[in-house]
Every structure is written in C-alpha cells, then in structure tokens.
Amino acid sequence: MLSAIICSMTIGVVFAWGSWGHQHINYAAIFALPPEMRVFFYNHKDFITEESVVPDLRKYTINDKAEFNRHFIDIEGFEGVSFNDLPKTMKEATAKYSDSFLLKMGILPWYIQDMSQKLTTAMKNKRKSEILFIAGDLGHYIGDANMPLHTSLNHDGQLTGQRGIHSLWESQLPDYFGNAYSFEVKPAVYLPDLTKATWDIIKHTHDLADTLLMTEKKLRTSWGDRMFKKDANGVNIKNKFGAQVFSYEYAKAYHEALNGMVEKQMKHAIQDLSNFWYSCWVNAGKPDLTKLDPEELTERNKKFLKKDTKLIEKGKTFGFRIETEFEK
C-alpha cells in the first residue's frame, strides 16, 4: 500500500521547502535562542543546518518506509470530523484510526509532538549527539508543518488540474527569490502547551491552502502554455523526473501574486522552531548546554557568533551555497 501511495505522488512533493528552505529555517532559528542556548547551537550550526534535509533523504534516498507519513497530514481526509475534533495526540489518533488510514492521511503534528518529547528527554539527560540529531530533524517537520500543501489532500493540485504547484511554491520560489527574504526573527518564547502549539501551527498553515491554490489557478488560466520553460525549438522542457519545468517569468508572477506568503511562512517556521527548541530546553530544566562542548570550541566561535548575529539582525544569513535544479 505504501509503495502505491508513493508512486501516485508527483515528484513535486519530494523535497519539502527544498534544501534551500529547510537549511535556512534551521540556521536562522539558532539566532532567536537565548544566549544560554545559542552558544551551543551555534557551535554546531553546520550539523543542524545539514540535518534539516536528512528526513527527506531517509524518505527518498534510503527509501525508509517508516518516514513517509511523518511529513504531512491531509486534513480534509478526516471526513466528518471538524478541525477542533481531530485527535490531539498520537495515542488518541491510534485509538480512533487504523494504521493504514494514518499511513494514508499522515501523522505530521503527532510526530512533531513525539520528537519534541524526545528532545526534552535528550536535553534533560545532557546527551549531546541526541540533542543535535533530534533538534535538526525537528526543524524539518516544523518546516513541513508551515507549508500549506503539507496539510491538504490536494497536496500537488492534482484534484484541481494544478500538478506541479507543490514544488513550484516550496522549492522553486525560494530558490529564485529567497535571497531577498529577511531572516530577522524575534527572541524565542516559551510555549506552555506544545500539543496546542503544534495544532496552532497546523491550523494557521491549513487556512492558507485555498489561497495558495486559487491564486495559482487564476494565474494558470491566463498564462496557458506560456507558464512552462521551453527549449530553443519551443518544446516544453522537462526535468530529470519527467515533470514540466515552470518558467522564471511565471514563477515571478506567482510569487508576486502571493503577496509575500512564501517569505512569511518561512519566517513563521523559523520562529516556531526556535520556540519549540527553547520550550523543550525549559521543560528539561534549563540544563547548561555549554558544558557539553570544549571551552576551546566556544572561545574560537565567539567572534563569528557576534558577526553572524549582527547579520541576522539585518535579515541576512551567511555561508550558504546550495545546489538548485531551477535555472532562471
């Protein structure tokens, strides 16, 4: 059943937010942390940044079948159940629905809760490798939770004749226009109820799905075949997966029509992630994470932390050179 579901999905769903988006989310979230946490996370910024894409690598490169349904939840698939009545925890979900149903509809919010609890435990036990691994992974799922089509049954516009919109929104648009985004974030805040906080994210994100789809549908109608990139002979170009590639001009028009939605959701993901990291740390009793690193490492990074913090305060990031499939 799982293989059938995967095969039925378009390639546009492969890498949520793309490498560019996920890595910037994890990186920028470090700078919203309080100094007591920021020093430790900054010492390991490269690992946390790279780890942001590992869940997708597990899903598609390694073909880890347990990974697939952690990345989405199809809200409309829970027919006859209002949003407020959806199971709030994994325990409630498994008591109400079969494993096959949850495999099909996704478990994203419940998995975020599970990872948050594991991060709290790792921090409480001061297990350095576990902290870094789980914190990096958690960033991926919180990033996914801020992508509207990861909460919709119409995950790639397949129900409305808009195939390809998933990759266009979350990968192509950030690749093309993300360098102009501001990554300035507010200080992390404590979330007293992480279960409620998780569902607040899902609700906020899902409310954007219709706008995302309708905006592109209207644009698609007026652009017609001009929306696709063409070769010198006027033939639509396809990527290595056989999907048609949207033109830069069409991507630009859609990005502008969205009125900043992609940038806002990316910043929302950054803030959410930092809030979750911080809340897990508080729930763990605020352990001194700096003692997990050699003093020499922290001392060496001091001046770079200052420089990179100043850059973030200006909305800028440093040290990114990420492969892209989308040429202008």
Side-chain angles (χ1 to χ4, degrees), residues 9-30 32 45 48-61 67-73 106 108-109 111-112 115 135-152 155-157 164-183 185 198 201-202 204-206 208-209 211-213 216 239 241 243 246 251 254-255 258 260-277 317 319-326:
M9 298 179 69
T10 66
I11 196 63
V13 193
V14 172
F15 290 105
W17 279 114
S19 295
W20 194 99
H22 276 301
Q23 292 190 12
H24 278 76
I25 288 168
N26 274 28
Y27 175 87
I30 293 171
K45 67 184 188 312
I48 290 171
T49 299
E50 294 298 332
E51 182 65 26
S52 68
V53 300
V54 168
D56 274 337
L57 296 178
R58 284 198 297 267
K59 182 169 57 168
Y60 291 101
T61 304
E67 185 66 42
F68 177 72
N69 65 343
R70 298 169 181 170
H71 297 247
F72 67 95
I73 181 167
L108 175 59
Y111 196 68
I112 287 174
M115 292 292 281
D137 267 25
L138 180 59
H140 183 97
Y141 302 112
I142 287 180
D144 282 359
N146 276 280
M147 197 295 185
L149 295 181
H150 276 260
T151 70
S152 173
H155 57 80
D156 193 35
I165 189 175
H166 196 121
S167 179
L168 172 63
W169 193 96
E170 70 179 11
S171 296
Q172 195 166 358
L173 297 188
D175 268 19
Y176 281 168
F177 311 110
N179 286 335
Y181 293 172
S182 170
F183 292 92
V185 288
T198 303
I201 295 172
I202 298 294
H204 165 81
T205 303
H206 186 62
L208 298 173
T211 299
L212 182 162
L213 288 160
E216 201 272 343
N239 62 22
F241 305 107
F246 292 97
Y254 183 41
H255 191 255
L258 286 169
M261 183 192 289
V262 180
E263 179 181 3
K264 290 172 186 175
Q265 282 307 102
M266 187 168 287
K267 291 185 72 171
H268 205 288
I270 293 167
Q271 197 70 58
D272 289 336
L273 177 56
S274 193
N275 292 345
F276 267 71
W277 282 345
T317 58
F320 286 90
R321 187 174 182 179
I322 300 170
E323 272 187 49
T324 176
E325 292 182 26
F326 306 106

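Model, not experiment: these values are computed from the prediction.
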Quick check: do Trp17 and Met266 have side-chain heavy atoms less than 4.5 Å from each other? yes
State whether the side chain of His140 and the backbone N or O of Ser52 hold a donor-acceptor pair below 3.5 Å, judged by distance alone. yes
Starting at CD1 of Ile25, measure out to CG of Asp144 and round the result to the nearest 0.5 Å. 8.5 Å
Under 3.5 Å side-chain donor-acceptor pair for His22 and Asn26: no
Could you tell me whether the side chain of Thr198 reaches within less than 4.5 Å of the side chain of Tyr111, counting heavy atoms only? no
Heavy-atom side-chain proximity of Leu208 to Gln265 below 4.5 angstrom: yes
Do you know which two heavy atoms are closest between Ser19 and Val53, and how far apart they sit? CA-CG1, 3.8 Å
What's the shortest heavy-atom distance between Glu67 and Pro55, and which atoms? CG-O, 3.4 Å
With a 3.5 Å distance limit and no angle check, can you tell me whether Trp169 reaches the backbone of Leu212 through a side-chain donor-acceptor pair? no
Is the shortest heavy-atom distance from the side chain of Met147 to the side chain of His166 under 4.5 Å? yes
Spacing of Asp175 atom CG and Glu170 atom CD [to the nearest 0.5 Å]: 10.5 Å
Which class fits the ring pair Phe68 and Phe72: parallel under 30°, tilted 30 to 60°, perpendicular over 60°? perpendicular
Ignoring hydrogens and geometry, is there a side-chain-to-backbone donor-acceptor pair from Gln172 to Phe246 under 3.5 Å? yes
Heavy-atom pair of closest approach, residues Gly157 and Ile165: N-CG2, 3.8 Å
Report yes or no: does His71 contribute a side-chain atom to a donor-acceptor pair with the main-chain N or O of His150 at less than 3.5 Å? no
Strictly distance-based, threshold 3.5 Å: is any side-chain N or O of Thr151 a donor or acceptor partner for the main-chain N or O of Ile202? no
Have His255 and Glu263 got a donor and an acceptor in their side chains that come within less than 3.5 Å? no
Might you point out which heavy atoms bring Gln271 and Ala32 nearest each other, and give the distance in Å? NE2-CB, 4.4 Å
Any side-chain heavy-atom pair from Phe276 and Ile112 closer than 4.5 angstrom? yes
Between OG on residue Ser167 and CG on residue Leu149, distance to nearest 0.5 Å: 11.0 Å
Testing the basics here: between His268 and Asn146, what is the closest heavy-atom pair and its distance to 0.1 Å? ND1-OD1, 3.1 Å
How far apart are the C-alpha atoms of Arg58 and Asp137, what are their side-chain angles, what is the distance that settles it, and do they pass the salt bridge (Lys or Arg N to Asp or Glu O under 4.0 Å) test? CA-CA 11 Å; Arg58 284 198 297 267; Asp137 267 25; 2.7 Å; yes
Where Arg70 and Leu108 come nearest, the two heavy atoms and their spacing: O-CD1, 3.1 Å
Using ring centroids (six-membered ring only for Trp), state whether Phe320 and Tyr27 fall under 6.0 Å. yes
